[in-house]
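Take a look at the structure set out below.
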Amino acid sequence: MIPDFITGSSNGEADTVMVSHPPFYSRHGLYFILLINLTGRRQTGNGRFFMNCDSTHPLKYYLAPMEGLTTYVFRRAYHKYFGGIDKYFTPFIANRSLSSRERNELLPEHNVGMRLVPQILTNRADEFLEIAGQAADYGYDTVNLNLGCPSGTVTAKKRGAGFLEFPEELKIFLDTVYERCPIKVSIKTRIGVRDIGEWEQLLKLYAGYPMEELIVHPRLQKEFYTGRPHRDAFRRAKEQLSVPLCYNGDIVSPESLASLLKELPSVDTVMIGRGVLQYPYLPGQLKSGAVSGSAENSLSTLRAFHGELLEGYREIMSGDLPTLHKMKDFWTFFSCGFESPERYLKKIRKAVKIADYQAAVNELFQACGYRPFTLAGRV
């Protein structure tokens, strides 16, 4: 049975066709329906999922930087096994001296074949410029300013989304950065700290700079990741700014992307974070508009990806416990793709040796049904 939100007849336009693929995982009765407008215009209506098929301006997908998770080890393995990402961002760099960890994030040999943008977290223009200069030395042509991190430990130091509370200081910072930075600068931002009304002032401020791109997570700092994003704030940015825009926030499934494009059909670039970790296949399948392979083949690919991720962290971390701490963090997300994984997750979380961890992971892979993504199921 096809999920209700993608049922219904065609909208009657002569240049629209509907292509129905067979169930990706028939045990769940899932179907992937793709409506393609042959003129390249993305359609909206009836709550169905529409893909922009304009070959010159396809929908672009970015991987959100997630501290401690989307490191170069993760990006390298993800790019090899899944792909579908047009632009990657490093977890934030906050040290002008560049720690060994931060330097490893930037090394070109750790990011082969990827479009990578280093992200910088600071409220000091001189520090930003120094880090940007070092990024330029590594061959990068763009850096990203983090004005979006809502973490209390970050905002308490007037960094990330906390910097938004001081618009006069932020203006002085941006004046200096855009006047002196040797490479292009994009910004990732929240829409304010405490009140939605702050967004209008921020838009007026942002309008004064030739930013490479503005990535908008339409929530306030105080909201962290709760509640529904204020999508109208993105619409306001589209109306008032002439810079390229990217939408970020709560894109965790084809259904959630369909909802976004129905409400904001002008969106042409999206940044995905949790959705990628929960369903690694998601960007590639959204981008191609096709569902390929069986659940068994998908599980085999996920196992190979997991194995490479584990070995990558074993190579750079000292001992079993630090490596396991890192890998257990991923299972908070990976587990979303499996049916009834709780029993096996307990074993994974209790493991204190790599061998025990691997045995628990193998049990989960063998015992739990895997669904690479769902159109209307758990996310």
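Worth knowing before you read on, the calculation uses all heavy atoms, side chains too, and leaves out hydrogens, waters and symmetry mates. Residue numbers start at 1 and run along the sequence shown.
Heavy atoms only, all atoms of each residue included: A64 and G273 are closest at CB-CA, 3.8 Å. For the pair P229 and G249, the tightest heavy-atom approach, listed with the atom from each and the gap, is CG-O, 4.3 Å. In plain terms, the two heavy atoms of E127 and A94 that are nearest each other are OE2-O, 3.8 Å. Of all the heavy atoms in A135 and V143, the pair that sits closest is CB-CG1, 3.8 Å. Of all non-hydrogen atoms in E102 and N95, the two that sit nearest each other are OE1-CB, 3.1 Å. Closest heavy-atom contact between F333 and L69: CE1-CD1, 3.8 Å.
No single ILVMFWY cluster, assembled from side-chain heavy atoms under 4.5 Å apart, contains both F92 and L98. By the criterion of side-chain heavy atoms lying less than 4.5 angstrom apart, applied directly or through intervening Ile, Leu, Val, Met, Phe, Trp or Tyr residues, V112 is not grouped with I85; the two fall into different hydrophobic clusters. There is no path of hydrophobic side-chain contacts, each under 4.5 Å, that joins M211 to M271. Residues L205 and L220 share a hydrophobic cluster, clusters being chains of Ile/Leu/Val/Met/Phe/Trp/Tyr side chains in contact below 4.5 Å. Cluster annotation: Y247 and Y62 are assigned to distinct hydrophobic clusters (Ile/Leu/Val/Met/Phe/Trp/Tyr, side-chain heavy-atom contacts under 4.5 Å, transitive).
Judged by distance alone, with hydrogens and angles left aside, the side-chain atoms of Y344 form no donor-acceptor pair with the main-chain N or O of Q366 at under 3.5 Å. For the pair E198 (side chain) and V193 (backbone), a donor-acceptor distance under 3.5 Å is present. Put simply, the side chain of W199 never gets that close to the backbone of I191: no donor and acceptor are under 3.5 Å apart. Looking at Y78, its side chain does come within 3.5 Å of a backbone N or O of P280 through a donor-acceptor pair. Side-chain atoms of T323 come within 3.5 Å of backbone N or O of G319 as a donor-acceptor pair. For Q221 (side chain) and C149 (main-chain N/O), no donor-acceptor pair under 3.5 Å exists by modelled atom type. Between the side chain of D268 and the main chain of K60, no donor-acceptor pair closer than 3.5 Å is present. Using modelled atom types, one side-chain atom of T176 and one backbone atom of I172 make a donor-acceptor pair closer than 3.5 Å. For R75 (side chain) and E105 (main-chain N/O), a donor-acceptor pair under 3.5 Å exists by modelled atom type.
Between the CG atom in L116 and the NE2 atom in H110 there is a gap of 12.0 Å [rounded to 0.5 Å]. Separation of atoms CZ (F334) and NZ (K328) is listed at 15.0 Å; rounding is to 0.5 Å. Atom CZ in R235 sits 13.0 Å away from atom CD in Q240 (nearest 0.5 Å). In this structure, N248 CG and K188 NZ are separated by 4.0 Å, a value rounded to the nearest 0.5 Å. Atom CZ of F89 and atom OG1 of T142 lie 9.0 Å apart (nearest 0.5 Å). K326 NZ to L310 CG: the interatomic distance, rounded to the nearest 0.5 Å, is 13.0 Å.
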Exercise. Please walk me through it: do Y61 and L257 pass side chain to side chain contact (heavy atoms under 4.5 Å, CB included)?
Worked result: CA-CA 11 Å; Y61 298 90; L257 179 59; 3.7 Å; yes

Exercise. Which is it for L214 and V216 under the side chain to side chain contact (heavy atoms under 4.5 Å, CB included) test, yes or no, and what are the steps along the way?
Worked result: CA-CA 6 Å; L214 181 65; V216 180; 3.8 Å; yes

Problem set entry | Intermediate values then yes/no, side chain to side chain contact (heavy atoms under 4.5 Å, CB included), L345 and L364 | CA-CA 8 Å; L345 283 177; L364 186 149; 4.2 Å; yes

For this session: Go through L174 and L145 one step at a time and tell me if the side chain to side chain contact (heavy atoms under 4.5 Å, CB included) criterion holds.
Result: CA-CA 10 Å; L174 294 176; L145 171 64; 3.9 Å; yes

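Using modelled atom types, one finds no donor on one side chain facing an acceptor on the other under 3.5 Å when comparing D250 with S256. For the 3.5 Å distance criterion, the side chains of T189 and Y206 qualify, holding a donor opposite an acceptor. No side-chain N or O of Y72 forms a donor-acceptor pair with one of T90 less than 3.5 Å apart. For Y88 and H79, the side-chain atoms include at least one donor-acceptor pair closer than 3.5 Å. With hydrogens and angles left out, the side-chain atoms of R76 and N111 include no donor and acceptor closer than 3.5 Å. Side chain to side chain, R303 and N362 meet the donor-acceptor criterion of an N or O pair below 3.5 Å.
A salt bridge is defined here as a Lys NZ or Arg NE, NH1 or NH2 lying under 4.0 Å from an Asp or Glu carboxylate O, and D141 with R115 meets this definition. Comment: E223 does not engage R228 in a salt bridge, judged by the lack of any side-chain N to carboxylate O separation of less than 4.0 angstrom. Using a cut-off of 4.0 Å between Lys/Arg side-chain N and Asp/Glu carboxylate O, E200 and R236 are scored as salt-bridged. Ion pairing between K171 and D175 holds under the 4.0 Å rule for side-chain N and carboxylate O.
Between Y357 and H306, the distance from one ring center to the other falls under 6.0 angstrom. Remark: aromatic rings of F338 and F365 are close, center separation under 6.0 Å. Taking the six-membered ring for Trp and the full ring otherwise, F74 and F330 have centroids separated by under 6.0 Å.
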Counting only pairs under 3.5 Å, give me each side-chain donor-acceptor contact of residues 347-356, with atom names and distances, residues two or more places apart or in other chains.
from	atom 1	to	atom 2	distance (Å)
K347	NZ	E363	OE1	3.1
K347	NZ	E363	OE2	3.3

Below 3.5 Å, can you tabulate the donor-acceptor pairs from side chains in residues 163-170 to any protein atom, sequence neighbours excluded?
from	atom 1	to	atom 2	distance (Å)
E165	OE2	R194	NH1	2.3
E165	OE2	R194	NH2	3.2
E169	OE1	K158	NZ	3.0
E169	OE2	K158	NZ	3.4

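Heavy-atom contacts from other residues, nucleotides or ligands closer than 6.0 Å to CD of Q201 number 12 or fewer.
You'll find the side chain of F173 reaches within 4.5 Å of the side chain of T122, heavy atoms only.
With N146 as reference, L121 is the one residue of I120, L121, I93 to meet the side chain to side chain contact (heavy atoms under 4.5 Å, CB included) rule.
Stacking of R190 on the aromatic ring of Y225 is recorded, both the 6.0 Å distance cut-off and the 45° axial limit being met.
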